[in-house]
K.L.:
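Quick one: this structure, given as structure tokens, is what I'll be asking you about.
Position 1 is the first residue of the sequence; numbering continues from there. Just so you know, ligand 1 is whichever comes first in the structure, and atom 1 is the first atom listed for that ligand.
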Amino acid sequence: MKKISVLGSTGSIGMQTMEVVRSNRELFSLEAVTANSSIDLLEQQVREFRPKLAVIYDESKYAEFKSRVGTLTEVATGIEGLIAAATIAEADTVVTSIVGIAGLIPTYHAINNHKNIALANKETLVAGGRLIMSKAKENNVSILPVDSEHCAIFQSIGCNKKSQISKLILTASGGPFRTKTKEELNHVTLADALNHPNWKMGKKITVDSATLMNKGLEVIEARWLFDVNAEEIEVCVHPQSIIHSMVEYIDGSVIAQLGLPDMKLPIQYALTYPNRLSMQGEKLDLTKYGTLTFEKPDTEKFPCLKLAYDALKAGDSACVTVNGANEAAVELFLNGKISFMDIPKLITSVLEKHETINNPTLEEIIEIDQWARSLTYELYKKRWSNC
Ligand code: NDP
Ligand code: MG
């Protein structure tokens with residue numbers, strides 16, 4: 001039986017992980033669950049799965065949550081609570097499905113406590129890739145990708161030799177604004193951005209998918225997961241989201257993984273690898289699609305993708321900066337403070353002021369992240385007060 005702790009169990013990936021567990025109760029036991037502030041959902045999960053520990057990160061919700069669950073489970077809060085869930089003795093695998101850099105510290109502690117990682121929280125690798133991968137090696141733990149593109153690459157590599165890969169081809173749906181003109185992008189709304197054509201996800205990643213920053217973050221994630229350079233990672237827009245990504249080898253062979261867009265598959269594979277489990281639900285019938293299409297991404301219309309590549313080429317702390325500025329800018333956009341095209345503008349301004357360092361420590365990563373966020377808010381306030 002695999003014993004798992006799910007960080008961010010009340011989110012989109014967290015809830016789909018619960019579905020995988022629910023369908024295979026004899027294979028998985030849930031040892032810890034965590035939420036930021038969703039106490040209703042977290043309480044339901046406690047009642048259904050009876051984990052040893054439930055963590056409500058928001059300290060203002062702690063007392064109410066604790067009184068609701070009584071003696072059903074241990075309850076903790078704050079960053080110490082998240083670390084306790086990430087390192088709980090009973091679990092062998094931690095699913096990291098917190099959104100944003102908030103996942104970095106718990107993931108770091110999980111690895112140092114020899115937990116295998118099923119990684120959804122890409123921001124952890126974007127900001128701390130070098131550190132996290134070296135800690136994983138040092139502690140002999142595996143980091144298996146939950147992100148569908150990286151799961152597809154992982155499957156397409158299979159038993160092939162990594163030294164014979166010529167490039168990774170990450171597919172991208174193109175998001176809800178793929179066919180819009182540059183001028184039209186100045187007028188899109190938050191509701192438009194949250195209306196993703198193929199995937200139902202949390203709000204932050206849905207906005208990232210609309211700006212193509214999600215693909216940029218995935219390029220950086222792939223750099224660390226598969227130890228390749230920026231030049232060996234290509235992005236290809238494939239609006240049907242059926243081919244989840246591909247690997248090209250030195251002899252020109254391209255191996256891909258296909259499937260319907262459903263995150264339960266990569267979640268389940270990360271939890272059962274090297275085994276596969278049968279899964280209920282519709283299977284892929286390519287004749288229903290008839291045509292699969294591919295195009296090059298337009299980085300003039302979607303500058304965020306280029307910003308992520310630029311950061312990757314510049315060095316480690318530039319990736320922390322892009323990630324922090326993006327998180328702050330997306331929050332401003334979600335709160336109706338800035339327009340869609342202000343997101344890349346703010347990130348560009350922050351990156352311009354950053355001096356890159358390589359191989360930052362955990363403390364330095366957190367410091368740089370804070371700096372990038374503060375500067376993003378400062379730049380926004382300056383522009384706003386000048387209007
Ligand atoms: P959601 O916003 O749906 O869920 C986020 C989860 O993290 C929730 O449980 C939330 O709690 C918790 N959380 C949020 N902020 C904090 C914080 N500061 N401290 C502790 N917990 C926090 O996100 P998604 O599930 O969509 O995405 C999660 C991660 O997986 C992201 O990194 C994303 O990029 C990645 N991913 C997601 C995919 C998807 O299909 N959704 C696909 C591939 C990758 P609460 O419910 O209380 O707010
Ligand atoms: Mg993805």
Side-chain angles (χ1 to χ4, degrees), residues 5-19 32-45 54-62 65 76-86 95-107 117-128 145-154 170-175 194 196 198-209 212-222 225 235 238 241 243-245 257 261-267 270 323 326-327 330-331 334 369 373:
S5 165
V6 182
L7 309 180
S9 59
T10 52
S12 160
I13 292 291
M15 302 270 281
Q16 292 178 85
T17 306
M18 297 299 125
E19 280 183 53
V33 288
T34 84
N36 180 26
S37 60
S38 305
I39 51 175
D40 292 344
L41 263 176
L42 197 64
E43 181 187 349
Q44 274 176 34
Q45 292 178 347
V55 178
I56 188 80
Y57 178 70
D58 180 346
E59 296 182 7
S60 70
K61 300 274 166 74
Y62 174 73
F65 182 67
T77 186
I79 186 67
E80 294 76 19
L82 291 181
I83 294 171
V95 179
T96 66
S97 49
I98 287 178
V99 62
I101 200 169
L104 174 66
I105 292 177
T107 307
I117 306 292
L119 184 124
N121 176 234
K122 63 192 81 181
E123 295 90 345
T124 283
L125 282 190
V126 173
V146 167
D147 216 346
S148 57
E149 295 76 0
H150 305 74
C151 177
I153 289 169
F154 183 67
L170 288 177
T171 53
S173 71
L194 290 177
H196 195 279
N198 303 344
W199 300 95
K200 176 106 194 60
M201 311 176 283
K203 283 184 181 169
K204 192 257 176 184
I205 186 177
T206 306
V207 173
D208 285 347
S209 300
L212 290 206
M213 180 55 94
N214 182 50
K215 212 47 56 180
L217 300 179
E218 290 182 354
V219 167
I220 303 172
E221 182 185 13
L225 278 173
V235 171
H238 164 48
S241 297
I243 296 181
H244 295 304
S245 277
Q257 185 256 341
D262 180 351
M263 287 307 296
K264 286 200 293 302
L265 193 149
I267 293 168
N323 185 68
N326 180 58
E327 284 193 30
V330 170
E331 193 177 298
L334 286 172
D369 172 68
R373 280 162 197 276

K.L.:
Is any side-chain heavy atom of Trp199 less than 4.5 Å from a side-chain heavy atom of Ser209?
P.N.:
no
K.L.:
Distance only, no hydrogens: is a donor on one side chain within 3.5 Å (strictly under) of an acceptor on the other, for Asn36 and Lys61?
P.N.:
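No, no side-chain donor-acceptor pair sits under 3.5 Å.
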K.L.:
Just checking, any donor-acceptor pair under 3.5 angstrom between side chains of His150 and Glu221?
P.N.:
yes
K.L.:
Would you say the side chains of Thr77 and Glu59 form a donor-acceptor pair under 3.5 Å?
P.N.:
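Judged by distance alone, the side chains do not pair up.
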K.L.:
Let me know which protein residues bring a heavy atom to under 4.0 Å of ligand 1; chain then number is fine for ordering.
P.N.:
Gly8, Ser9, Thr10, Gly11, Ser12, Ile13, Ala35, Asn36, Ser37, Ser38, Tyr57, Leu82, Ser97, Ile98, Val99, Ala102, Ala120, Asn121, Lys122, Glu123, Asp147, Met201, Gly202, Ile205, Met263
K.L.:
Please check if any side-chain donor atom of Ser37 sits under 3.5 Å from a side-chain acceptor atom of Asp58, or the reverse.
P.N.:
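Distance-only check fails for Ser37 and Asp58.
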K.L.:
Between Glu123 and Lys204 (salt bridge meaning N to carboxylate O under 4.0 Å), is one present in this structure?
P.N.:
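Yes.
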K.L.:
Any idea how many protein N, O or S atoms are nearer than 2.8 Å to the Mg ion (ligand 2)?
P.N.:
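My tally for this metal is 3.
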K.L.:
Going by heavy atoms in the side chains, are Met18 and Val33 under 4.5 Å from each other?
P.N.:
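Sidechains of Val33 and Met18: in contact.
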K.L.:
Measure the CG-CZ distance between Leu42 and Phe65 for me, rounded to the nearest 0.5 Å.
P.N.:
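These two atoms lie 3.5 Å from each other.
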K.L.:
Are Lys215 and Glu149 side-chain neighbours, meaning at least one heavy-atom pair lies under 4.5 Å?
P.N.:
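Side chain of Lys215 against side chain of Glu149, heavy atoms only: contact under 4.5 Å found.
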